[in-house]
Amino acid sequence: MRDGWDVIVIGAGLAGLAAATELADAGRRVLVLEQEPAQSLGGQAHWSFGGLFFVDSPEQRRMGVRDSHALALADWMGTAGFDRPEDHWPRRWAEAYVDFAAGEKRAWLHAMGMRWFPVVGWAERGGHGAWGHGNSVPRFHVTWGTGPGVLEPFVRRARSAEAKGLIEFAFRHRVDELLVEGGAVVGARGAVLAADTIERGRPSTREVIGEFEQRAQAVIVASGGIGANHELVRRHWPSRLGPAPAHMLCGVPAHVDGRMLAISEATGAQLINRDRMWHYVEGIENWNPIWPGHAIRILPGPSSLWFDATGRRLPGPLWPGYDTMGTLAWLRQTGYDYSWFVLDQQIIRREFALSGSEQNPDLTNKSWRQVAKRAVGKGAPAPVEAFKQHGRDFIVRDTLEELVAGMNALAGSELLDAVAMRREIEARDLQFDNPYAKDAQVMAIHNARRYRGDKLVRVAKPHRLLDPANGPLIAVRLHVLTRKTLGGLETDLQARVLAPDGQPLPGLYAAGEAAGFGGGGVHGYRALEGSFLGGCLFSGRVAGRAAAAAVA
């Protein structure tokens with residue numbers, strides 16, 4: 001490894017690649033330090049569904065969606081709920097990000113060759129009022145190629161810069177300390193880890209075989225969050241969400257450990273909003289896991305009935321796909337670490353999708369032939385059917401009484417009463433005899449099907465759950481799944497890391513999840529979805545361009 005770098009980037013995930021490629025485009029020489037092996041280039045983004053948040057896009061307009069900057073900004077601010085003095089920079093980043101999402105974001109990515117599935121998804125639908133949490137319109141644009149499709153242009157740009165001598169990747173280099181001289185960050189020191197040919201996503205060895213020290217004019221921290229470090233998650237778990245679960249699944253690989261946050265703080269960086277985090281409540285155990293505790297999130301449509309562990313139906317608007325944090329807070333008050341979806345074959349066929357590039361081979365492999373199979377036949381997409389067959393959390397029965405007995409057997413309890421659940425389900429079934437209803441979830445289903453995309457491919461035709469023609473019946477046990485860190489290193493609009501006195505820490509920048517996707521928490525308390533990858537892209541771009549200008 002040679003010396004004389006302009007900038008060191010710590011982390012070879014999406015944010016790090018975005019920063020490094022912007023630096024290289026400006027002619028700067030960049031060293032990328034990454035503790036994982038080369039086969040893990042791209043980090044956590046590789047496993048994502050590839051959703052991106054755009055505002056007033058051609059895809060939206062073709063689906064009949066009328067979106068605007070004003071509507072998106074109102075949705076973002078109502079969702080974020082900024083209410084702290086330290087939300088100054090997160091709020092500024094939020095305004096800048098919505099400007100970006102409504103402006104050049106799509107054109108910038110399109111020029112690199114990125115494309116999107118034509119049907120725009122409607123995530124985090126809210127339901128608490130026009131000023132409250134949620135997307136007023138569909139904004140979740142699935143990248144053609146999913147997570148790998150998002151990464152591909154940045155990997156291609158980085159490899160091209162590498163061939164020109166502008167970027168060097170130092171894999172298996174774990175940063176243990178930032179170097180500070182004269183009050184400025186001037187480099188990094190750490191351990192060289194043993195080579196490892198382990199499959200992407202699986203835990204790699206932490207055997208130390210050497211040491212390194214590298215210097216540069218600036219350092220960008222793009223090392224991710226804390227999702228795989230359940231000790232840290234529990235330490236910072238917010239009381240507003242109730243007690244931390246004793247049992248959680250893991251939605252990210254083991255290397256998402258939060259080490260660099262503490263290392264940066266020890267250098268003098270300010271960490272804010274540590275209690276803001278984003279964990280899903282629709283996690284299921286992966287029957288074919290890659291990393292420890294590997295969970296997959298169900299991306300549900302609105303029709304499944306949601307019950308807590310005792311058989312109580314969740315109140316509105318805590319329906320599938322509406323309010324992740326609200327549902328998490330409600331379920332944490334039940335005293336149990338799991339809940340249930342109850343549905344049928346018609347719903348699972350039409351409404352169940354699974355998070356993750358590996359769970360969507362049709363979209364990941366860019367196969368229209370495979371995508372078309374989602375719309376025909378009685379089966380759900382093949383990965384969903386595989387979970388239905390092999391997944392420990394799935395129960396399939398012909399009658400409700402058999403289903404409830406299976407649910408109790410799986411839970412190891414007798415908490416669920418088949419008579420009470422039948423009464424609840426039959427009452428809702430009666431609501432489908434008319435195109436209108438008093439049941440708020442049924443009203444929400446009708447509203448969803450007024451959107452062309454939902455009616456075509458996402459939301460099942462309203463029907464009675466207990467009609468055998470729609471069977472078999474299916475129950476899915478759901479767990480809390482750790483995923484995103486919403487707080488992080490406080491940064492100004494140039495991605496410069498701030499010290500506790502509010503002044504920039506010379507030489508240090510941050511991007512991606514390590515910076516709360518911008519500012520130390522661009523999402524506030526809650527997210528609109530499709531905005532995590534986009535936050536990595538935007539903050540990485542800002543950090544790369546700002547550092548390039550600073551070291552000129």
Does one side chain, of [X] or [Y], offer a donor that lies under 3.5 Å from an acceptor on the other?
X      : Y      : answer
Ser531 : Arg139 : no
Gln35  : Arg259 : no
Ser204 : Arg206 : yes
Asn286 : His294 : yes
Ser136 : Asp75  : yes
His255 : Ser40  : no
Glu358 : Thr364 : no

Describe, in one word, how the ring planes of Trp76 and Phe53 are oriented to each other, choosing from parallel (under 30°), tilted (30 to 60°) and perpendicular (over 60°). perpendicular
Students often mix this up, so state it plainly: with edges at 30° and 60°, are the rings of Phe432 and His446 parallel, tilted or perpendicular? perpendicular
Find the distance between [atom1] ([X]) and [atom2] ([Y]) and round it off to the nearest 0.5 Å.
X      : Y      : atom1 : atom2 : value
Ser303 : Ile348 : OG    : CD1   : 12.5 Å
Ile347 : Leu305 : CD1   : CG    : 7.5 Å
Arg526 : Arg276 : CZ    : CZ    : 9.0 Å
Asn470 : Leu343 : CG    : CG    : 11.5 Å
Ser223 : Leu261 : OG    : CG    : 5.5 Å
Ile226 : Asp257 : CD1   : CG    : 10.5 Å

Quick one, Arg464 with Leu430, criterion side-chain contact (heavy atoms from CB on, under 4.5 Å). Give me CA distance, side-chain angles, the key distance, then yes/no. CA-CA 8 Å; Arg464 293 191 177 205; Leu430 288 172; 3.5 Å; yes
Should the heavy atoms of other residues, nucleotides or ligands under 6.0 Å from CZ of Arg240 be counted, would the total exceed 12? yes
Mind listing the closest non-hydrogen atom pair of [X] and [Y] along with its distance?
X      : Y      : answer
Gly227 : Thr482 : O-OG1, 2.8 Å
Leu415 : Ala309 : CB-O, 3.5 Å
Gly471 : Gln345 : O-CB, 3.3 Å
Leu14  : Leu537 : CD1-CD2, 3.6 Å
Val150 : Phe154 : O-CD1, 3.4 Å
Thr79  : Gly134 : OG1-N, 2.9 Å

In the structure I gave you, are the side-chain heavy atoms of Arg397 and Leu473 within less than 4.5 Å of one another anywhere? no
Side chains of Thr310 and Thr334: closer than 4.5 Å at any heavy-atom pair? no
Is the [X] to [Y] ring centre distance short of 6.0 Å?
X      : Y      : value
Trp306 : Tyr322 : no
Trp47  : Trp291 : yes
His133 : Tyr525 : no
Trp287 : His390 : yes

Using modelled atom types and a 3.5 Å cut-off, is there a donor and acceptor pairing between side-chain atoms of [X] and backbone atoms of [Y]?
X      : Y      : result
Trp319 : Gly301 : no
Glu513 : Thr485 : yes
Thr327 : Leu318 : no
Gln431 : Asp439 : yes
Asp196 : Ile198 : yes
Asp67  : Val55  : no
Arg350 : Leu456 : yes
Gln441 : Pro302 : yes
Gln39  : Glu199 : no
Arg297 : Ser355 : no

Show your working on side-chain contact (heavy atoms from CB on, under 4.5 Å) between His279 and Trp237 and close with a plain yes or no. CA-CA 11 Å; His279 306 306; Trp237 187 272; 3.5 Å; yes
Test log, rule salt bridge (Lys or Arg N to Asp or Glu O under 4.0 Å), inputs Arg477 and Asp393: CA-CA 5 Å; Arg477 183 173 60 174; Asp393 293 313; 3.0 Å; yes
Audit row: His247, Tyr338, ring pair (Phe, Tyr, Trp, His ring centres under 6.0 Å) steps and yes/no: CA-CA 9 Å; His247 170 72; Tyr338 66 94; 9.2 Å; no
Under the salt bridge (Lys or Arg N to Asp or Glu O under 4.0 Å) criterion, do Asp308 and Arg313 qualify, and how do the steps go? CA-CA 6 Å; Asp308 71 13; Arg313 185 179 171 193; over 6 Å; no
Cationic N near anionic O, under 4.0 Å, Arg428 to Glu424: no
